Amino acid sequence: MLDPRLLRSQTDRVAERLARRGPVFDRARFEGLEARRKALQTETEALQAQRNAGSRRIGQTKAKGEDASPILADMDRIKRQLADNEQALAALQTEFEDFAFGLPNLPADDVPDGEDEGDNVELRRWGTPRPAEGARDHVELGEALGQMDFAAAARLTGARFVVLRGGLARLQRALTQFMLDLHTQEHGYQELYVPYIVNADSLRGTGQLPKFGEDLFALDPANTGGADWRLIPTAEVPVTNLLRDEILEAETLPKKWVAHTPCFRAEAGAAGKDTRGMIRQHQFEKVELVQVTRPEDSACALEELTAHAEAVLRKLELPYRVVALCAGDLGFAAAKTYDLEVWLPSQNRYREISSCSSFGDFQARRLLARYRHPQTKKPELLHTLNGSGLAVGRTLVAILENHQNPDGSIAVPAALQGYLGGRSCIGR
RNA sequence: GGAGAGGUGGCAGAGCGGUCGAAUGCGGCGGUCUUGAAAACCGCUGAGUCCUUGCGGCUCCGUGGGUUCGAAUCCCACCCUCUCCGCCA
C-alpha cells in the first residue's frame with residue numbers, strides 16, 4: 001500500500017503520479033475519509049487518555065485507603081462515550097483501509113507514459129526471429145509427437161490443463177533444473193522450497209487480496225479449520241512473505257531467492273483468451289526470482305534481475321525482446337516493470353514469458369518488511385522485486401516452436417542437452 | 001486423531017487485577033580504563049501510530065471475544081509450538 005503519511009501530506013503530488021495510471025484515485029472520497037478519521041481518532045485517543053489517567057487515580061486513591069467513588073462516577077460517562085467512539089473509529093478505519101488498499105503503487109518516474117499495452121516501449125531485441133512460414137504451433141507439434149495431450153487433461157479435470165508424456169514431460173523437468181542451476185550457481189540466488197497453499201494474510205501482503213481474489217483457487221474452509229487458504233498463483237507470495245513482520249540486519253542484504261513451484265490461476269475474466277495450447281493454463285510451472293534490497297539498491301537490482309531472466313533465454317537460443325511497461329499497463333503493486341517477450345513463430349509475434357518488477361516499498365509496507373538502518377539503527381522499509389526466470393510452460397512452448405525441425409522433431413539447445421541425458425533431439 | 005505442557009522485547013526468562021511497555025541475564029550501541037584488544041565498570045537499547053513535535057498521547061505481551069473504573073495477569077473460543085501415543089508418504 002501507499003504511505004498514508006505521504007498520501008496526507010503530499011496529496012497533490014500523489015494524485016498527479018497516480019493519474020499516470022488512469023483514473024484510479026478518488027480524491028474527494030479520500031479527503032472526506034481523512035477529515036472524519038482525523039477528528040474521530042484524535043477525540044478517541046483523548047478519551048482513552050482520560051480513561052487511563054482516571055484508572056490510575058483510582059488505583060492510587062484506593063492504595064491510600066481513601067474513597068474512590070467520585071472518580072468512578074465520572075469514569076462511567078467516559079466509558080460509555082469511549083465505547084461509541086471506538087466502534088465508530090473501527091468502522092471508519094476499515095473503510096479507510098479498504099480505500100487505501102485499493103490504491104495501486106506509484107509508477108516510478110522513469111516509467112513511460114501511456115494508457116495500455118500499445119504504449120509500451122521496446123528497449124532491445126536479441127536473436128533472429130524465425131519466420132512464421134512453415135512453422136507449426138506447439139499444439140500441433142506436441143500432439144504429433146504423441147507427448148502433449150489436452151484431451152486427456154480435459155477428461156481428468158477440465159479445460160486449461162495439459163498432460164505431457166515422455167520426452168516433453170522430461171523436457172519440462174530439464175528446463176526447470178536448468179533454470180534453478182543457472183540462478184543458484186551463476187547468479188547467486190538461494191534456492192527455496194515453499195508451501196503451495198498460503199493463508200489470506202500472505203496474499204494481502206503481496207497484494208493479491210483484497211482486489212484480485214477471483215483469480216485464486218480457494219480451499220474448502222471445511223478442510224482448513226475455517227481459514228481462508230488459497231493455492232499460490234506464483235511463488236512470489238510464499239517467498240516474499242518470508243519477510244512479513246521481520247526486521248533484517250543490513251549486512252544480510254540483498255536477499256536473492258529462487259523457487260520453483262507450480263502456479264495456480266483461476267484466470268477469471270480470461271475466458272476466450274489463449275484457449276488453445278499451453279499459453280494460459282490453470283496450472284503451470286514457474287521458476288521465480290525474488291530480490292529484497294535496501295531502497296537505494298532496488299533500481300540496479302531490477303536491471304540485474306532482468307538480465308538474469310534474459311540469460312535463460314539466451315542460453316536456450318530463444319529470440320526475445322525487452323519491453324518497458326507504460327504507466328497505464330503496470331500491474332497493481334509494481335512501480336516499474338520490464339516484460340520479456342519470447343518470439344513465437346506460429347503467432348508471428350513476441351509473447352510475454354517473464355515479467356520483472358520493482359515494487360519499491362509498496363509490498364514491504366503491507367508486510368512490515370524492514371531492515372535496521374546501519375546509521376540510524378531504526379527500522380526502515382525494504383524494497384522488493386521479482387521476476388519469472390522463467391515461466392517453464394511457456395518456455396517449453398517456445399522451445400518447441402523455435403527449435404522445430406521439418407520432420408516435426410525438436411532440436412535441443414546445447415545448454416539443455418546435459419539435462420536430457422545428452423540427447424540433441426526430441427522425436428517420436 | 002488422543003493426552004499433557006507452553007506461547008511475553010533480537011534471544012533467554014520473570015511477572016500479587018492498579019505508574020507494567022514490562023524485572024533480570026545475554027546480545028547490540030556509546031563511554032571509562034588500555035599502546036591496542038579482552039576483562040571490569042558506567043550509561044543507552046522493542047515496534048507501530050496520531051497530533052496542536054511534547055522530554056506529548058494512543059495501540060501492541062499468540063489471535064479474537066468477554067469480565068472490570070482498570071487486564072500480560074481473570075473467563076471463553078480459536079491458532080500455533082513442544083513432548084508422548086496413534087495414523088501415514
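Each chain gets a letter, A, B and so on, in the order its sequence line appears, and its residues count up from 1. All figures in this text were calculated on a predicted structure; none of them were measured in a lab. Keep in mind that the numbers below use all heavy atoms, side chains included, and drop hydrogens, waters and symmetry copies.
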message: Do A:Arg294 and A:Pro254 make a side-chain contact, defined as non-hydrogen atoms from C-beta onward lying under 4.5 Å apart?
response: no

- prompt: Closer than 4.0 Å, any side-chain N/O of A:Arg372 to the OP1 or OP2 of B:G10?
  reply: no

message: Please give the distance between the C1' atoms of B:C16 and B:A72 as a whole number of Å.
response: 14 Å

message: If you take the centroid of each ring, where Trp contributes its six-membered ring, are A:Tyr193 and A:His260 closer together than 6.0 Å?
response: no

message: Judged by each residue's nearest nucleotide on RNA chain B, which is more toward the 5′ side, A:Arg370 or A:Glu34?
response: A:Arg370

B:U59 OP1/OP2 closer than 4.0 Å to side-chain N/O of A:Asn52: yes

message: Would you measure the distance from the P atom in B:A38 across to the matching atom in B:G31 and give it in whole Å?
response: 13 Å

message: Give me the distance, rounded to whole Å, that separates B:A77 from B:G4 when you measure between the P atoms they each carry.
response: 14 Å

message: Heavy atoms only, 4.0 Å cut-off, all strands: where does A:Lys62 land among base, sugar-phosphate and nothing?
response: base

Distance in angstrom units between A:Leu82 CG and B:G70 P, rounded: 9 Å

- request: For the side chain of A:Lys38, starting at C-beta, report the closest nucleotide among B:U49, B:U52, B:C58.
  value: B:U52

field: Integer angstrom distance from the P of B:C78 to that of B:G21
entry: 31 Å

Separation between the P atoms of B:C44 and B:A37, rounded to whole Å: 24 Å

field: Identified pairing partner of B:C82, criterion: Watson-Crick or G-U wobble below 3.5 Å
entry: B:G4

- line: Note: for A:Met75 and A:Thr42 on RNA chain B, the residue whose nearest nucleotide lies more 5' is A:Thr42

query: Mind checking the C1' distance from B:C20 to B:G46? Whole angstroms is fine.
result: 14 Å

task: Establish, with yes or no, whether the OP1 or OP2 oxygen of B:C51 is under 4.0 angstrom from a side-chain nitrogen or oxygen of A:Arg37.
output: yes

message: What is the distance, to the nearest angstrom, from the NZ atom on A:Lys79 to the C1' atom on B:A71?
response: 13 Å

message: What's the closest nucleotide to the side chain of A:Lys378 if the choices are B:C51, B:A47, B:C69?
response: B:A47

- request: Classify the nucleic acid contact of A:Pro4 as base, sugar-phosphate or nothing, counting any heavy atom under 4.0 Å across all strands shown.
  value: nothing

query: Within 45° of the axis and under 6.0 Å from the centre of the six-membered ring of A:Phe284, does NZ or CZ of A:Arg394 qualify?
result: no

field: Rounded distance in Å - CG (A:Asp3) to C1' (B:C50)
entry: 14 Å

- line: Considering only heavy side-chain atoms of A:Arg5, the closest of B:G57, B:C69, B:C50 is B:C50

- prompt: Using atom C1' of each nucleotide, how far apart are B:C61 and B:A14 to the nearest Å?
  reply: 13 Å

- request: Could you check how far CG of A:Asp245 sits from P of B:U8, rounded to whole Å?
  value: 15 Å

- line: Testing B:C50, B:U19, B:C69 for proximity to the side chain of A:Ile58, the answer is B:C69

- request: Check whether any side-chain N or O of A:Arg370 sits under 3.5 Å from a backbone N or O of A:Leu368 as a donor-acceptor pair, and report yes or no.
  value: yes

query: Tell me: CZ of A:Arg204 to C1' of B:U63, nearest whole Å?
result: 13 Å

- prompt: Of the candidate nucleotides B:G18, B:C58, B:G48, which contains the atom at the shortest distance from the side chain of A:Ser55?
  reply: B:G18

Residue A:Glu45, side-chain atoms from C-beta onward, closest of B:G57, B:G70, B:A47: B:G57

query: When you check the phosphate oxygens OP1 and OP2 of B:C58, does a side-chain N or O of A:Arg51 lie under 4.0 Å from one of them?
result: no

- request: Check the distance between B:G70's C1' and A:Arg57's CZ and give it to me in whole angstrom.
  value: 13 Å

query: Hey, what's the ring geometry for A:Phe30 with A:Phe99, parallel, tilted or perpendicular (30° and 60° as the breaks)?
result: parallel

task: Please give the nucleotide sitting opposite B:A77 as a Watson-Crick or G-U wobble pair, both distances under 3.5 Å, or none.
output: B:U63

message: Measuring only the C1' atom in each nucleotide, how far is B:C85 from B:G10? A whole number of Å is fine.
response: 37 Å

Whole-Å gap separating P (B:G48) and CG (A:Leu367): 14 Å

- prompt: Taking a pair as Watson-Crick or G-U wobble with both distances under 3.5 Å, which nucleotide is matched to B:U49?
  reply: B:G57

- request: Taking A:Asp26 for its side chain and A:Arg29 for its backbone only, find out whether a donor-acceptor pair lies under 3.5 Å.
  value: yes

- request: Using side chain to side chain donor-acceptor pair (under 3.5 Å) as the criterion, point out the one residue from A:Thr234, A:Asp339, A:Thr306 that pairs with A:Ser355.
  value: A:Asp339

field: For B:G43, the Watson-Crick or wobble counterpart (both distances under 3.5 Å)
entry: B:C29

- request: Specify the separation, in whole Å, of atom CG of A:Asp201 and atom P of B:C78.
  value: 20 Å

message: Taking CD in A:Glu86 as the centre, count heavy atoms belonging to other residues, nucleotides or ligands within less than 6.0 Å. Is the count above 12?
response: yes

